[in-house]
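In what follows, a single structure is set out as structure tokens and then discussed.
Nothing here was measured: the structure is a model prediction, and the numbers come from that model. Position 1 is the first residue of the sequence; numbering continues from there.
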Amino acid sequence: MTIEYSGQLLILSIITCGGGAGVDVRPPRHVVPPPTAPGPTLPPVFDPLVPTNVTVTATKTAMLSCVVHNLGNNSVSWIRHRDLHILSVGSVTYTNDARFEAVPQTDNGNWVLRLRYAAPRDSGQYDCQISSTPPIARTVMLTVIEPHAKILSAPEMHVGVGSPINLTCVVPYSPEPPDYLHWYYKERMVREDGVRVWVRTQLGQRSVSQLVVQDAGPADQGVYTCSPAHSIEHSITVHVLTGEYPAAMQGGSSVTCQGRRRCCLVTLAALALLAGFYM
């Protein structure tokens, strides 16, 4: 139908659909929202609580840790500073030295570099580097210590027949207590019997061990060696003297004058002369 209104024609279309009447309504078109700029991402950072100084005993395993937060798509590399050699990238090891191995702990973001059988020459600076823009790095200082045993009175000791052999071995410093400290006599391990031979050992960062052999005889003379674990061993040569031996005092050797009054008197006289000389 048509309706005239104010000189204009208004045409209404009535459409019958499905047996009913209604107005033709088109479905709205899908509107794509405008792109939005990505939100800011946190930059990668190193965990400041991870130690940057590692000290280990020679021949043992060193673990260099580098914990990174917010790593994102970046990678972590280990670089030896002295020659700028890349040791690892991510979980891949890039060195022919089989002692080095990348062992990342992805659950806590710790990118560990493991060094087996560490040697003093491995001491130095190692850089943990993140491939961000610009790259950032954190330095870890590795110190590999090779402890040295020292037998007091070495290199030689002189004792008289029937006197005790009393040896003391000291390891002044070790990053961790040695697993053991053994004494050897002529390359055979000394075993205490609780009567004539006994050993007292205290292990720690400073280790001390004492070996005593009572009633020494000619069969007890020879080379004694103090051998702690993961340390440089040290030896002493023990002489068991059976006759008169004032000449054995040369070189600062230790002489025991048991049962020999004359030797002891000579020793005391010599000490008195030295004391008078230096006064």
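Residue Ala102 comes nearest to Gly90 through the heavy atom pair CB-O, 3.8 Å, listed as atom of the first residue, atom of the second, then distance. Shortest non-hydrogen contact noted between Gly162 and Asp215 is CA-OD1, 3.2 Å. Summarising the geometry of Tyr184 relative to Ser227, their closest heavy-atom pair is CE1-CB, 3.8 Å, with the distance given to 0.1 Å. Contact between Ser65 and Val140 at its shortest, heavy atoms only, is O-CG2, 4.1 Å. Looking at every heavy atom in both residues, Met63 comes nearest to Val112 through CE-CG1, 3.6 Å.
Grouping the Ile, Leu, Val, Met, Phe, Trp and Tyr side chains by contacts below 4.5 angstrom, directly or via other members, places Val197 with Trp183. In the hydrophobic clustering of ILVMFWY residues, with side-chain heavy atoms under 4.5 Å counting as a link, Val199 and Leu203 come out together. Val208 is not connected to Val212 by any chain of hydrophobic side-chain contacts under 4.5 Å among Ile, Leu, Val, Met, Phe, Trp and Tyr, and they are in different clusters. Val89 and Leu64 fall into different hydrophobic clusters, where Ile, Leu, Val, Met, Phe, Trp and Tyr residues are linked whenever their side-chain heavy atoms come under 4.5 Å apart, directly or through other members. Linking Ile, Leu, Val, Met, Phe, Trp and Tyr residues whenever their side-chain heavy atoms come within less than 4.5 Å leaves Leu87 and Val67 in two separate clusters.
In this structure, the side chains of Gln210 and Asn166 come closer than 4.5 Å at one or more pairs of heavy atoms. Between Met141 and Val54, every side-chain heavy-atom pair lies at or beyond the 4.5 Å cut-off. The closest side-chain heavy-atom distance from Pro147 to Thr57 is below 4.5 Å. Looking at Tyr126 and Trp78, their side chains come closer than 4.5 Å, going by heavy atoms from C-beta outward. Considering only heavy atoms from C-beta on, Phe46 comes within 4.5 Å of Val68 through its side chain. His69 places a side-chain heavy atom less than 4.5 Å from the side chain of Asp47. Contact check for Tyr94 versus Val92: side-chain heavy atoms found under the 4.5 Å cut-off. The shortest side-chain heavy-atom distance between Leu71 and Ile130 falls under the 4.5 Å cut-off.
None of Val161, Val240, Val159, Thr237 except one satisfies the side-chain contact (heavy atoms from CB on, under 4.5 Å) rule with Gln221; the exception is Val240.
Counted within 6.0 Å of CZ on Arg82, heavy atoms from surrounding residues, nucleotides or ligands total more than 12; the atom is thus considered enclosed. Residue Ile86 places its CD1 atom among 12 or fewer non-hydrogen atoms of other residues, nucleotides or ligands, all under 6.0 Å distant. Annotation: Asp83, atom CG; neighbour count of heavy atoms from other residues, nucleotides and ligands within 6.0 Å is above 12.
Applying the disulfide bond (SG atoms under 2.5 Å apart) test to pairs two or more places apart or on separate chains, those with a residue in residues 73-183 are Cys66-Cys128, Cys169-Cys226. Pairs passing the side-chain hydrogen bond (donor to acceptor under 3.5 Å, both in side chains) check and including a residue from residues 190-202, sequence neighbours excluded, read Glu192-Arg200, Arg196-Asp220, Thr201-Ser209.
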* To do: Carefully, step by step, assess Tyr224 and Ile165 under the rule side chain to side chain contact (heavy atoms under 4.5 Å, CB included).
  => CA-CA 11 Å; Tyr224 290 79; Ile165 299 173; 3.8 Å; yes
* Apply side chain to side chain contact (heavy atoms under 4.5 Å, CB included) to the pair Ile232 and His234, showing each step before the final yes or no. => CA-CA 7 Å; Ile232 300 297; His234 195 218; over 6 Å; no
* **Criterion side chain to side chain contact (heavy atoms under 4.5 Å, CB included) on Arg116 and Lys60, from CA distance to verdict** => CA-CA 6 Å; Arg116 295 188 179 93; Lys60 305 200 80 172; over 6 Å; no
* To do: Apply the test side chain to side chain contact (heavy atoms under 4.5 Å, CB included) to residues Val45 and Asn70: give CA-CA distance (whole Å), side-chain angles for both, the deciding distance (0.1 Å), then the verdict.
  => CA-CA 7 Å; Val45 293; Asn70 312 321; 4.2 Å; yes
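Shown here are the ring pair (Phe, Tyr, Trp, His ring centres under 6.0 Å) partners of Tyr117, two or more places apart in sequence or in another chain: there are none. Not counting sequence neighbours, the partners of His239 by the side-chain hydrogen bond (donor to acceptor under 3.5 Å, both in side chains) test are Glu156. Contacts of Pro177 classified as side-chain contact (heavy atoms from CB on, under 4.5 Å), with partners at least two apart in sequence or in another chain: none. Every residue two or more places apart in sequence or in another chain was checked for a side-chain hydrogen bond (donor to acceptor under 3.5 Å, both in side chains) with His148, and none qualifies. Residues meeting the side-chain hydrogen bond (donor to acceptor under 3.5 Å, both in side chains) test with Glu146, sequence neighbours left out: none. By the salt bridge (Lys or Arg N to Asp or Glu O under 4.0 Å) test, Arg138 is found to be paired with no residue, residues two or more places apart in sequence or in another chain being considered. Among residues two or more places apart in sequence or in another chain, the salt bridge (Lys or Arg N to Asp or Glu O under 4.0 Å) test is passed with Asp107 by none. Listed by chain and residue number, Val56, Ala58, Ala118, Pro120, Asp122, Ser123, Leu142 satisfy the side-chain contact (heavy atoms from CB on, under 4.5 Å) test with Val144 (two or more places apart in sequence, or in another chain). The side-chain hydrogen bond (donor to acceptor under 3.5 Å, both in side chains) check on Ser131 picks up Ser75, with sequence neighbours excluded.
Taking OG1 of Thr139 as the reference point, atom CD of Gln125 lies at 4.0 Å (rounded to 0.5 Å). Going from atom OG of Ser235 over to atom CD of Glu187 covers 9.0 Å, rounded to the nearest 0.5 Å. Note that the CD1 atom of Ile236 and the NZ atom of Lys150 stand 8.5 Å from one another [nearest 0.5 Å]. Expressed to the nearest 0.5 Å, how far CG of Leu84 lies from CG of Asp127 amounts to 8.5 Å. Once rounded to the nearest 0.5 Å, the distance linking OG1 of Thr168 with CD1 of Ile151 reads 9.5 Å.
Between Tyr180 and His182, the angle of the ring planes stays under 30°, which puts this pair in the parallel group of the 30/60° scheme.
Checking Thr59 against His230 by side-chain atom types alone, a donor-acceptor pair falls below 3.5 Å.
Checking side-chain atoms of Thr93 against main-chain N and O of Thr95 turns up no donor-acceptor pair under 3.5 Å.
Applying the 4.5 Å side-chain rule to ILVMFWY residues, one finds Tyr173 in the same cluster as Ile145.
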